2 protein chains.
Amino acid sequence: MLREHDLKVTHQRLVIGQYLFENKKHPTAEDVYERIRPNNPSISMATVYKTLDCFVKAGLAQKVGTTEGKTRYDANLDRHDHLYCEESNQIIDFSNEQLHHLVDDYLRTLNIQNFEVSDFQIQINGKVLEKNKPVIVKNSIK
Amino acid sequence: MLREHDLKVTHQRLVIGQYLFENKKHPTAEDVYERIRPNNPSISMATVYKTLDCFVKAGLAQKVGTTEGKTRYDANLDRHDHLYCEESNQIIDFSNEQLHHLVDDYLRTLNIQNFEVSDFQIQINGKVLEKNKPVIVKNSIK
DNA sequence: TTGTAAACAAGAATAATTATCAACTAAGAA
DNA sequence: TTCTTAGTTGATAATTATTCTTGTTTACAA
Ligand SMILES: [Mn+2]
Ligand SMILES: [Mn+2]
Ligand SMILES: [Zn+2]
Ligand SMILES: [Zn+2]
C-alpha cells in the first residue's frame, strides 16, 4: 500500500498505518501516539504528525474537521458520513448508499452558480445512548 | 438580544456581536479581532474568545468545525448547510428547505440503534470559481 | 555493498486557545 | 442617586496542538 503510493516503507509508517487502517476510528495525532507508544517507545510525536500528514497527501487518509480544536484522521476511504456524539466527541462512520444518492442527485438538480462541487459529507449530530454498546445502522428500505 | 439571553450588555459584546450577526461570515477569533480592532483598540484577544464562547453557550452562535486547526464561528442560526471552498478555505452558507427535508425524512426511516440524532449538517466541498463574484444557489424545482 | 535522498528523534519554536487575577462596570436594590 | 456585587474585561502567563530545525539514521536503487 505504501509502495503503491511511492512512500518509503519504514517501521514507523507501518505501525501508524496499521493502527489507522485496521480499526477505523477517527483518532487525533495524540491518540495515535499514545496507542503505538507502548510497543514503539522511540517513535516521536513529530513523526506521528509527519506520517499522518503524508498519508493525507498520498490520499491514504483524510482529515476530519471537528469543533474541538484538534484534527482527527480517518483512514476510511469509502464514501461515508459521520455520526458525531456530542457527549463523548467520538465520531462514528455511517455508510448509506441510498442517502448518498438521494443527496447527490438532488444537488445535481440545483445549479450553484460560481461554485464547483467536488463532494459532500453529512455530519449527523446527536449522542450515543449506551456508551459501551455499538451503534448500528439498519436500512429500512431494501 | 443579549438581554433575552441573560447576558450583560457590554460595549465589547455589542461590537463583536454586531460584526458577527450583521455579516454572516464564518470568521475565526483572529478574524473578529482584526476586524473590530481599528475602532476598538482596547479590546483584547482574550475578550474576543470569551465573548464568542459566551455567544455559543447562549445559543446565539455556533462553532463550525474545520480542518485548518482553528475554530470558526457562525451566527446564522437558521438551519443551513455549508459550502467549503477547498482553495480559499471560506465557508459559504447554503440554505435549501427541500434538501433538508429530503435528508431529514430519510434519516427518520432508518433506525440507528443506540444513537439519538439531534440534527445534521451537510458539508459540501468544492471550489469557488471566480473569487470576487458571489456564489448563488437556485432551486430548480419550485 | 554503497551512496544518497528521504525519514527520523529530540527538542525548540510557533500558533491557537484557555487560565489567572486585579481592576472595572452593568444592573438591580436601597 | 448611590450602593453593592456578581459578572466582565485586559494584561499576561500558561497550556495545548502543531510545525520547524538539526544532527543522525535508514530505505533502497544502483
Ligand atoms: Mn496550531
Ligand atoms: Mn487548544
Ligand atoms: Zn470516517
Ligand atoms: Zn453558516
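None of the values given here were measured: they were computed from a predicted structure. Protein chains get the first letters and strands the later ones, always in sequence-line order, with residue 1 at the start of each.
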If the cut-off is 4.0 Å, is A/T51 near the phosphate of C/dA7, judged by side-chain N/O to OP1 or OP2? no
For A/Q12 and D/dT26, is the shortest distance between a side-chain N/O and OP1 or OP2 below 4.0 Å? no
To the closest 0.5 Å, what do you measure between CD (B/Q18) and CG (B/N23)? 10.0 Å
Starting at the 5' end of DNA chain C, which residue's closest nucleotide do you reach first, B/R3 or B/Y73? B/Y73
What integer distance in Å separates B/L2:CG from C/dT25:C1'? 15 Å
Just the rounded figure in Å: distance from C1' of C/dA27 to NE2 of B/H5. 19 Å
Side-chain N or O of B/Y49 closer than 4.0 Å to phosphate OP1/OP2 of C/dT18: no
OP1 or OP2 of D/dT9 sitting under 4.0 Å from any side-chain N/O of B/T10? yes
Report the distance from atom CG of A/L7 to atom P of C/dA5, rounded to the nearest whole Å. 19 Å
Could you tell me whether B/Y106 and B/F120 have their ring centroids closer than 6.0 angstrom? no
Just how far, in rounded Å, is C1' of C/dA16 from CD of A/E68? 15 Å
Can you name the nearest heavy-atom pair linking B/I112 to A/L83, along with the distance? CG2-CD1, 4.1 Å
Keeping the roles fixed (side chain from B/T66, backbone from B/K70), state whether a donor-acceptor pair exists under 3.5 Å. yes
Could one point to a donor on the side chain of B/K50 or the base of D/dG7 with an acceptor on the other under 3.5 Å away? no
Hey, can you pull the residues of residues 22-45 of chain A with a non-hydrogen atom under 4.0 angstrom from DNA chain C? A/S42, A/I43, A/S44
How long is the line joining NE2 of B/H11 and C1' of D/dG10, in whole Å? 14 Å
Given atom NZ of A/K57 and atom C1' of C/dA6, what is their separation to the nearest angstrom? 14 Å
Taking the basic N atoms (NZ, or NE/NH1/NH2) and the acidic carboxylate oxygens, is any pair closer than 4.0 Å for A/R72 and A/D31? yes
OP1 or OP2 of C/dA7 less than 4.0 angstrom from a side-chain nitrogen or oxygen of A/K8, does that happen here? no
Residues A/H26 and A/D93: side-chain donor-acceptor under 3.5 angstrom: yes
Rounded to the Å, how far apart are A/D6 CG and D/dA29 P? 10 Å
Name the closest nucleotide to the A/A46 side chain, picking from D/dC28, D/dT12, D/dC20. D/dC20
Ion pair A/K8/A/D6, N-O distance below 4.0 Å: no
On DNA chain D, does the nearest nucleotide to B/R13 precede the nearest nucleotide to A/D53 from the 5' side, or the other way round? Give the residue. B/R13
How many Å lie between CZ on B/F55 and P on D/dT8, as a whole number? 11 Å
